[in-house]
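Here is the structure we will look at, set down as structure tokens.
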Amino acid sequence: MKSPDKILVINSGSSSLKFTLYSIAQGNRRLANGLVERIGTASANMAYRRDDEPKSERIVSAEDHAAALKLLTECLVDPERGVLASLDEVDAIGHRMLHGGEIFKAATAIDPDVMSKLKALVPLGPLHMPANIGGVEACEKIFPGAPNVAVFDTAFHQTMPDHVSHYAIPNEYYEKYGIRKYGFHGTSHHFVMLATAEFLGRKPEDLKLITCHLGNGSSIAAIKNGKVYDTTMGLTPLAGLVMGTRCGNLDPAVVLTLVRLGMSADEIDNLLNKKSGLLGVGGINSGDMRDIVNNAAKGVKSAETALAMWAHRIVLFIGGYSTLIGGADAVVFTGGIGENSFQARECVLNLLASLGCYIDREANNTRRGPCYLSTPESKVAAIVMPTDEELMIAKETFEVVSSR
Ligand code: ADP
């Protein structure tokens, strides 16, 4: 059988569908990408970009994910802007899947049995899983000959020991309802671990890393000898760090207090997921780190507090994780903020000196990753490493399909 070459990566959200097409044979080259947003409306926004051309956008009507995918695939075979002669050239499709529960510990080819297991996991991701599964079903129709592979946000974290992944509530809530810490952003933490090992010229099994994925959604993973030991997100992506609009860790009694104040579960969900974090604390009607940093620099007190709170929470975890994994070789920054906001990174790096991690201000202010942000005498290195979740999904899909 010929080795798979063209891999399509699909990220299907509740109202959007994104794709990237790679050629593995051309050195993992990205051939094209695109997205449809506001699916379900008559004025959905579609963008398509062939790798060697500027992006084109137009308003389309896409009543569901299958319709959106059909529009995007028409671009792929368009005689002028396309990159494929026929959709049959797509060898496999990799799907970003939010939740693999405890069943899926690695990327998995989807067959009817796997599909029914994915459907059984919907209660663990009621907003995302139906959309992720819908993306697979749309691909089954449009690419009937190509295998579909699920790549899970949770899978890389499945190595956490029980005393780390379980909550201190009665065991029956875990046994009956699967309530425990799962962790997310696993594909990014995995990619960044591999890329950092390559950057350092070492094997992942010989490294202890603290990877910080800092974007709108943010999480940290403590990775010991290639395996996740702990991570900050929990049963859902709401736990852990202060994020763009999410609160991260709270005294659980805050939720009880809100219930007793008369708020419904949906209202609390909306408050903690969409109105909190940098947006809620910064006082400038924005959860975007660029706005927070600019306003903090101008002396806006609430923005200063938000930035300090954001950095405090990150360092709290870095310190704890460093102790728990017996000292880290490197703290790695990635994600939109981690890769780009030197001001936000500086707030974190300024607090890491007691670990023996000393900021190289010149590098932090001017250099783009992959590179060191710490001085050579540091005992713990700080590194910035760009992430690429789509490419990781393509690579994992290739591995699964090649090994069948
Ligand atoms: P998501 O979690 O939605 O994937 P991203 O990883 O794209 O989010 O991160 C978005 C965050 O990255 C925003 O807070 C934004 O301010 C920040 N960011 C993106 N680009 C820059 C930049 N050039 N300088 C500073 N911050 C940036």
**Prompt:** Which residues satisfy the side-chain contact (heavy atoms from CB on, under 4.5 Å) test with V164, sequence neighbours excluded?
**Reply:** M160, P161, Y229, D230

**Request:** Output yes when K6 and D91 qualify as a salt bridge under the 4.0 Å nitrogen-oxygen rule, no when they do not.
**Result:** no

**Message:** Quick check on the 6.0 Å ring-centre criterion: do F104 and H99 meet it?
**Reply:** no

**Prompt:** Do we see a donor-acceptor contact under 3.5 Å between the side chains of H213 and T334?
**Reply:** no

**Asked** Is it true that R96 and E389 have a side-chain N and a carboxylate O under 4.0 angstrom from each other?
**Response** yes

**Message:** I want to know whether H157 and H189 have ring centres closer than 6.0 Å.
**Reply:** yes

**Item:** T20-N33 side chain donor-acceptor pair, cut-off 3.5 Å
**Value:** no

**Message:** Would you say OH of Y173 has more than 12 non-hydrogen atoms from neighbouring residues, nucleotides or ligands within 6.0 angstrom?
**Reply:** no

**Message:** Within the 3.5 Å criterion, strictly below it, is a donor on T387 or S188 matched to an acceptor on the partner's side chain?
**Reply:** yes

**Prompt:** So, T375 versus S378: side-chain donor-acceptor pair below 3.5 Å or not?
**Reply:** yes

**Request:** Taking the six-membered ring for Trp and the single ring otherwise, decide whether the centroids of F152 and F184 are under 6.0 Å apart.
**Result:** no

**Message:** Using only atom types and a distance under 3.5 Å, with no angle test, would you say the side chain of Y358 pairs donor to acceptor with the backbone of L349?
**Reply:** no

**Asked** Taking NZ, NE, NH1 and NH2 as the nitrogens, is one of them in K70 or E74 under 4.0 Å from a carboxylate oxygen of the other?
**Response** yes

**Request:** Give a yes-or-no answer on whether the side chains of S56 and R49 include a donor-acceptor pair shorter than 3.5 Å.
**Result:** no

**Item:** Donor-acceptor pair, side chain of N270 and main chain of D266, under 3.5 angstrom
**Value:** no

**Message:** Between N216 and R246, do the side chains contain a donor N or O and an acceptor N or O under 3.5 Å apart?
**Reply:** no

**Asked** According to the salt bridge (charged side-chain N to carboxylate O under 4.0 Å, His left out) rule, which pairs have a member within residues 97-120, sequence neighbours left out?
**Response** E102-R180, D113-K117, K119-E137

